[in-house]
Amino acid sequence: MDKYTILLADDEEDVIQVIIKKINWEELGFSVIGYANNGVKALEIIEELQPDVVMTDIKMPYMDGIELSNRIKAGFPATKILFFTGFDEFEYAKEAVHLEVEEYILKPVNSIELTNVFKQLKIKLDQEINEKRNVEILQKYYLESLPLLQADFYSSLIEGRINEHEIPKYLSDYQLSFPGPFFCCLVIHTSSNPVPQDMNPLLLSTSVQKQAKERLAEKWQAKCFSYLGNTVLIPQLKNESMISELTDECDRFCKYAKRIIGAVVTIGVGKTCRNILELSQSYRSARVAVSYRVIYGASRAINIKEIVPQKIDKSSPSNDMELSNLFKIIRLGSEKDVIKAVGKYLDHTLFPKKSLHQHHIYVMELISTLYKFSINNDIDIEDFSTDIKKLYGSLLDLEPDALQKWLVGISLSCHDKLIVARNKSTQSLVDKAKEYVHNNYTDEELSLDSVCNVLGVSNSYFSTIFKKETGNSFITYLTDYRMDRASCMLLETNEKSYIIAKNVGYTDPNYFSYVFKRCFGVSPSKYRTEHTENEK
């Protein structure tokens with residue numbers, strides 16, 4: 001592999017230079033990517049370059065090696081740490097053990113000893129990488145993850161998110177088989193009320209799932225998994241007529257669950273299908289069947305074919321799913337994605353041959369959903385500012401091309417206005433953060449964490465949008481603002497530097513001076529003198 005990177009940290013630069021020159025780093029498989037003369041500077045370099053190894057002194061200004069190591073362990077746990085110090089004290093050694101430091105090396109540094117240390121460290125780093133890449137370990141992890149991967153595949157299958165050309169790969173990768181030749185979905189719903197004494201709903205549902213695996217899944221070669229709070233089974237049938245036998249057995253299981261474990265279980269039996277890609281339709285029909293328990297009663301199996309055969313349309317996909325996908329693309333996709341999603345929705349839902357009555361229902365449902373979407377997202381859509389009844393009437397008379405043009409236009413309008421709204425929200429968040437800095441920069445505890453707590457957002461999200469909007473990190477902005485206020489105080493007041501340091505949020509005057517010099521190129525006192533003389 002490439003050379004491992006190392007960062008050196010010591011407030012004695014001559015010591016660092018000796019170490020760099022004494023050791024043949026390239027031969028050892030390492031590369032020194034930088035050095036720092038204090039812990040604060042070291043941490044900045046670590047955050048930017050993320051070295052594999054940090055070799056640090058303990059006693060340093062602004063931030064010592066102990067605190068630096070704590071920060072590294074918290075933010076970069078894979079980084080190896082070595083202490084090299086002139087302090088042979090038990091407390092330091094004990095802290096090194098606590099921090100899981102690789103080596104505790106005493107100054108003066110012996111080149112032979114240091115070379116041996118890095119030889120051993122190179123072996124350890126190589127072993128760790130080899131373990132991560134080890135095929136057998138990955139295979140074992142894969143097999144352990146297989147049940148979760150299979151359950152995710154089953155969920156995607158009943159949601160209709162699997163394409164036909166993907167099936168062979170999924171079956172091979174996840175070690176699955178669907179001999180069929182017929183399939184259906186069973187939705188097993190366990191009522192959360194009533195629940196037996198000393199049993200909570202989750203445990204009861206888990207118990208029902210276990211019993212279903214034992215009494216139904218094995219016999220019917222069924223795939224069993226949890227989905228949206230229910231247990232779902234995908235049985236395999238030798239012929240379509242076996243659906244009646246399966247329904248009877250499910251009915252017996254519901255009564256068994258009531259008698260043995262006191263669970264009120266209803267099983268919805270979906271329609272049969274020949275292709276596993278049609279399981280999404282079977283699942284939806286099973287969900288509908290379960291909902292009929294309010295009419296037919298619970299603790300029984302309900303076969304959708306027996307109760308509402310006229311409602312199962314083999315040719316038409318779920319309008320809800322297609323609409324949901326369209327609005328997802330409007331929120332998250334590009335303009336091209338939106339146009340494509342509109343075409344897909346129309347081709348699958350509105351344009352297939354159907355009765356005029358069905359077409360009118362779908363158009364009205366589309367308008368209603370678009371209206372709710374605009375209201376929920378605070379989007380002002382011009383089409384909805386007029387009489388909705390007139391809008392219904394005009395759209396119902398549109399020919400396919402005109403209807404598609406209208407839907408593309410309104411979808412792109414929603415898409416663009418959502419982007420504008422998100423940008424305004426982002427800018428507002430950044431403005432609030434800046435305002436908070438302006439009002440609280442004197443607080444020594446002011447930090448990225450405290451600002452994010454006030455704004456109610458995560459550090460990672462806030463850092464990303466702040467950098468995107470301002471071009472700088474939040475910490476850089478805070479430091480620059482404090483330095484700007486400090487420079488003004490130096491010129492407009494006669495306060496001592498340590499007072500000004502405290503007034504801009506720094507408890508350590510030396511560190512304040514260090515940051516000020518890094519920002520302006522001169523110390524605070526020299527900055528005041530130079531600018532005062534220039535004014536004279």
Side-chain angles (χ1 to χ4, degrees), residues 142-190 205 208-209 212-213 216-240 242-243 246-247 250 266-291 301-305 311-329 341 344-345 347-349:
Y142 174 75
L143 291 175
E144 290 173 349
S145 304
L146 205 51
L148 293 175
L149 295 172
Q150 291 173 343
D152 183 65
F153 170 74
Y154 300 146
S155 298
S156 299
L157 198 59
I158 65 173
E159 289 171 356
R161 294 192 289 111
I162 304 292
N163 295 320
E164 187 172 3
H165 70 273
E166 298 175 315
I167 292 292
K169 185 176 187 306
Y170 276 122
L171 296 184
S172 174
D173 289 349
Y174 296 166
Q175 302 178 20
L176 294 169
S177 65
F178 285 84
F182 293 91
F183 315 92
C184 75
C185 269
L186 305 179
V187 173
I188 303 178
H189 173 79
T190 304
S205 181
V208 169
Q209 183 177 87
K213 286 181 179 179
L216 294 175
E218 186 174 345
K219 177 180 176 179
W220 295 91
Q221 295 181 280
K223 315 300 183 185
C224 181
F225 59 104
S226 297
Y227 184 75
L228 298 181
N230 294 319
T231 296
V232 178
L233 266 64
I234 303 176
Q236 305 186 61
L237 314 174
K238 293 180 181 178
N239 54 68
E240 284 188 279
M242 292 184 70
I243 194 70
L246 175 60
T247 301
C250 288
T266 307
I267 299 181
V269 182
K271 68 172 186 172
T272 57
C273 54
R274 281 182 174 271
N275 191 321
I276 61 174
L277 288 174
E278 297 172 356
L279 283 169
S280 59
Q281 297 175 36
S282 182
Y283 169 73
R284 287 194 295 274
S285 63
R287 284 284 302 272
V288 172
V290 166
S291 69
I302 304 175
N303 188 327
I304 192 67
K305 188 177 181 181
K311 292 194 176 181
I312 305 301
D313 183 354
K314 293 184 178 181
S315 64
S316 62
S318 166
N319 190 37
D320 288 343
M321 183 173 292
E322 295 294 348
L323 266 179
S324 176
N325 181 63
L326 173 59
F327 287 117
K328 179 180 178 183
I329 298 299
K344 183 178 178 182
Y345 166 74
D347 288 341
H348 284 73
T349 305

Residues that Thr266 engages under side-chain contact (heavy atoms from CB on, under 4.5 Å), provided they are two or more places apart | Arg293, Ala298, Ile302
Mind listing the closest non-hydrogen atom pair of Gly270 and Ala286 along with its distance?
-> N-CB, 3.6 Å
Heavy-atom distance under 4.5 Å between the side chains of Leu149 and Phe153, does that happen here?
-> no
Listed by chain and number, what are the salt bridge (Lys or Arg N to Asp or Glu O under 4.0 Å) partners of Lys169, not counting sequence neighbours?
-> Asp173
Among Lys305, Glu240, Glu278, Gln281, side-chain contact (heavy atoms from CB on, under 4.5 Å) partner for Lys271 | Gln281
Hey, are the side chains of Leu246 and Cys184 touching, using non-hydrogen atoms and a 4.5 Å cut-off?
-> yes
State which residues pass side chain to side chain donor-acceptor pair (under 3.5 Å) with Ser155; sequence neighbours excluded, sorted by chain then number.
-> none
Could you pull out all donor-acceptor pairs under 3.5 Å where a side-chain atom in residues 221-228 meets a protein atom, sequence neighbours excluded?
| unit_1 | atom_1 | unit_2 | atom_2 | d |
| --- | --- | --- | --- | --- |
| Lys223 | NZ | Ser177 | O | 2.9 |
| Ser226 | OG | Gln209 | NE2 | 2.7 |
| Tyr227 | OH | Glu159 | OE2 | 2.6 |

Partner set under salt bridge (Lys or Arg N to Asp or Glu O under 4.0 Å) for Lys344, not counting sequence neighbours | none
Looking only at non-hydrogen atoms, find the nearest pair between Ile188 and Leu233 and report the distance.
-> CD1-CD1, 3.8 Å
Going by heavy atoms in the side chains, are Phe182 and Gln236 under 4.5 Å from each other?
-> no
Closest heavy-atom contact between Ala301 and Thr247?
-> CB-O, 3.6 Å
Pairing residues for Tyr154 by the side chain to side chain donor-acceptor pair (under 3.5 Å) criterion, not counting sequence neighbours | none
With a 4.5 Å limit on heavy-atom distance, are the side chains of Ile162 and Ile167 in contact?
-> yes
